[in-house]
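Keep in mind that what you see is a predicted model, and the values were worked out from it rather than measured.
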Amino acid sequence: MKVLSIFGSAVVAASALLSLIPSTAAHMAMSNPPGQAGPWTKNQSGQVHAFIGFKGKKFPCGGYPKGPVTKYRAGQTINVRFWVYGVPSWTRFPPKGGINTARHGGGACEFSLSYDGGKSWKVIGQYTRTCPDVYYEWPVQIPKNVPSCTDSNKCLFAWSWTAYATNQYYHHCANIQITNGDPKGRLPELDMTVVDVPGRNVRQNVHARGDGKGGKSSGPNKAERARSTNGFYAYGGKAGKKGIDLGLIRS
């Protein structure tokens, strides 16, 4: 895996940004792969950690400019990591204890690919109840039978989260490239779940079953980790168009 180097000016600006935003305002963002508008970019946003619809934040991806490009190979596992304000370094893993993780009691996470700049999304991994959590990695495998995708303006990897304690939907994206794909391959069949996006014809006032913990969770469920890394979500895999039960509840 190759991640673009961080520009010194972005680091200085990010440090200033962190000093202005209290940890109590934090929610969560994806730091690996490095998502758009995070403090590791030249276009960081103080709302990168916020839910879709917060102060007009757009779907998909928050409406942010292109971020760092991470290169992967078909069949490679992405060890997804998260970051919150109050963690001084996004390169240190795991972070020190005692931080406000702002994970809202967990919920349902999906990890998806788009080959068309965010117009459509196909799921390659799902975790419930304990996700997200900055203290753990959340592995998901890029299916071995996907096509290559080398246009980093259109190739996106997304983390989406339906929270437990509040009706909020999060969607954060990273620009990627995928090589060594199958020339005759296909993307998975499972569509990404979208809820609580203002102005869209999707389910509203939805939250997910979580673990109810405000602090550190027990980490990824073993069965869900196995499904997210063994081809379960690949085209032709057992996930099909249904996937697993995300535990979504209408308020």
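Shown here for Ser217 and Tyr136, the closest heavy-atom pair between the two residues is O-OH, 2.9 Å. Closest heavy-atom contact between Gly97 and Tyr135: CA-OH, 3.2 Å. In terms of heavy atoms, Pro39 sits closest to Gln44 at CA-CB, 3.9 Å. When all heavy atoms are compared, the tightest approach of Leu190 to Gln126 is CD2-NE2, 3.7 Å. Contact detail for Lys122 and Glu189: the closest heavy-atom pair is NZ-O, 3.4 Å. The nearest pair of heavy atoms linking Val134 to Val84 is CG1-CG1, 4.0 Å.
Under the salt bridge (charged side-chain N to carboxylate O under 4.0 Å, His left out) criterion, Arg129 pairs with no residue, sequence neighbours left out. Take Arg209 and apply the salt bridge (charged side-chain N to carboxylate O under 4.0 Å, His left out) test, not counting sequence neighbours, and it matches Asp245. Every residue two or more places apart in sequence or in another chain that forms a side chain to side chain contact (heavy atoms under 4.5 Å, CB included) with Ser152 is listed here: Lys66, Val69, Gln177. Every residue meeting the side chain to side chain contact (heavy atoms under 4.5 Å, CB included) condition with Thr77, not counting sequence neighbours, appears here in chain and number order: Asn79, Pro139, Gln141, Thr229. By the side chain to side chain contact (heavy atoms under 4.5 Å, CB included) test, Thr166 is found to be paired with His104, Ala163, Gln168, residues two or more places apart in sequence or in another chain being considered. Lys213 is linked by a salt bridge (charged side-chain N to carboxylate O under 4.0 Å, His left out) to nothing, counting only residues two or more places apart in sequence or in another chain. Judged as a side chain to side chain contact (heavy atoms under 4.5 Å, CB included), and not counting sequence neighbours, the contacts of Ser114 are Asp116, Trp121, Leu156. Every residue two or more places apart in sequence or in another chain was checked for a salt bridge (charged side-chain N to carboxylate O under 4.0 Å, His left out) with Glu224, and none qualifies.
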Run Phe82 and Ser31 through side-chain contact (heavy atoms from CB on, under 4.5 Å) and show every step you take.
CA-CA 5 Å; Phe82 300 111; Ser31 60; 5.5 Å; no

Carefully, step by step, assess Gln76 and Ile78 under the rule side-chain contact (heavy atoms from CB on, under 4.5 Å).
CA-CA 7 Å; Gln76 185 173 347; Ile78 303 174; 5.7 Å; no

As a quick check of understanding, evaluate side-chain contact (heavy atoms from CB on, under 4.5 Å) for His49 and Tyr170, giving each step before the final call.
CA-CA 8 Å; His49 61 295; Tyr170 297 77; over 6 Å; no

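Thr162 is listed as a side-chain neighbour of Leu248, based on a closest heavy-atom distance under 4.5 Å. Between Arg227 and Ile244, the closest side-chain pair of non-hydrogen atoms falls below 4.5 Å. Looking at heavy atoms from C-beta onward, Asp191 lies out of side-chain contact with Val123 at the 4.5 angstrom threshold. Residues Arg103 and Asp211 meet the side-chain proximity criterion, which asks for heavy atoms closer than 4.5 Å. By the 4.5 Å heavy-atom criterion applied to side chains, Pro147 and Pro183 are not counted as neighbours.
The 12-atom threshold is not exceeded at CZ of Arg203, counting heavy atoms of other residues, nucleotides or ligands nearer than 6.0 Å. Taking a 6.0 Å sphere around CG of Asn201, one finds it holds 12 or fewer heavy atoms contributed by other residues, nucleotides or ligands.
Arg81 and Asp133 are not joined by a salt bridge, as no carboxylate oxygen comes within less than 4.0 angstrom of a charged side-chain nitrogen.
Judged by distance alone, with hydrogens and angles left aside, the side-chain atoms of Asp196 form a donor-acceptor pair with the main-chain N or O of Asn205 at under 3.5 Å. The backbone N or O of Asn180 sits nowhere less than 3.5 Å from a side-chain atom of Arg73 that would complete a donor-acceptor pair. At least one donor-acceptor pair under 3.5 Å links the side chain of Thr41 to the backbone N or O of Gly38. Within the 3.5 Å criterion, the main-chain N or O of Ile178 finds no donor-acceptor partner in the side chain of Thr150. The closest donor-acceptor contact from the side chain of Ser148 to the backbone of Gly181 lies under 3.5 Å. With Asn32 contributing its side chain and Pro34 its backbone, the two residues share no donor-acceptor pair below 3.5 Å. At least one donor-acceptor pair under 3.5 Å links the side chain of Trp161 to the backbone N or O of Gly106.
Val206 and Ile249 fall into different hydrophobic clusters, where Ile, Leu, Val, Met, Phe, Trp and Tyr side chains are chained together by heavy-atom contacts under 4.5 Å. Connection of Tyr127 to Met192 is not established within any shared hydrophobic cluster, with ILVMFWY side chains joined at heavy-atom distances below 4.5 Å, either directly or through further cluster members. Hydrophobic clustering (side-chain heavy atoms under 4.5 Å, transitive across Ile, Leu, Val, Met, Phe, Trp, Tyr) keeps Met28 apart from Leu246. Linking Ile, Leu, Val, Met, Phe, Trp and Tyr whenever their side-chain heavy atoms come within less than 4.5 Å puts Tyr64 and Leu113 in one cluster. Phe93 is not connected to Val140 by any chain of hydrophobic side-chain contacts under 4.5 Å among Ile, Leu, Val, Met, Phe, Trp and Tyr, and they are in different clusters.
One distance of note links OG1 of Thr70 with CD1 of Ile176; it measures 8.0 Å at 0.5 Å rounding. The line from OG1 of Thr193 to NE2 of His171 is 10.5 Å long, rounded to the nearest 0.5 Å. The SG atom of Cys155 sits 13.0 Å away from atom OH of Tyr72, with the distance rounded to the nearest 0.5 Å. Residue Cys173 holds its SG atom at 5.5 Å from CD of Gln36, rounded to the nearest 0.5 Å. In this structure, OG1 on Thr130 lies 12.5 Å from NZ on Lys216, to the nearest 0.5 angstrom. Taking CZ of Phe157 as the reference point, atom CD1 of Ile142 lies at 7.5 Å (rounded to 0.5 Å).
For residues 210-251, no residue pair satisfies the disulfide (SG to SG under 2.5 Å) rule, not counting sequence neighbours. For residues 227-246, no residue pair satisfies the ring pair (Phe, Tyr, Trp, His ring centres under 6.0 Å) rule, not counting sequence neighbours.
The ring of Trp138 has its center no closer than 6.0 angstrom to the ring center of Trp159.
By the 4.5 Å side-chain criterion applied to Ile, Leu, Val, Met, Phe, Trp and Tyr, Tyr164 is assigned to no cluster and stands alone.
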Show which side-chain atoms of residues 50-61 pair as donor or acceptor with protein atoms under 3.5 Å away, not counting sequence neighbours.
| unit_1 | atom_1 | unit_2 | atom_2 | d |
| --- | --- | --- | --- | --- |
| Lys57 | NZ | Gln47 | O | 3.1 |
| Lys57 | NZ | Val48 | O | 3.2 |
| Lys57 | NZ | Ala50 | O | 2.6 |

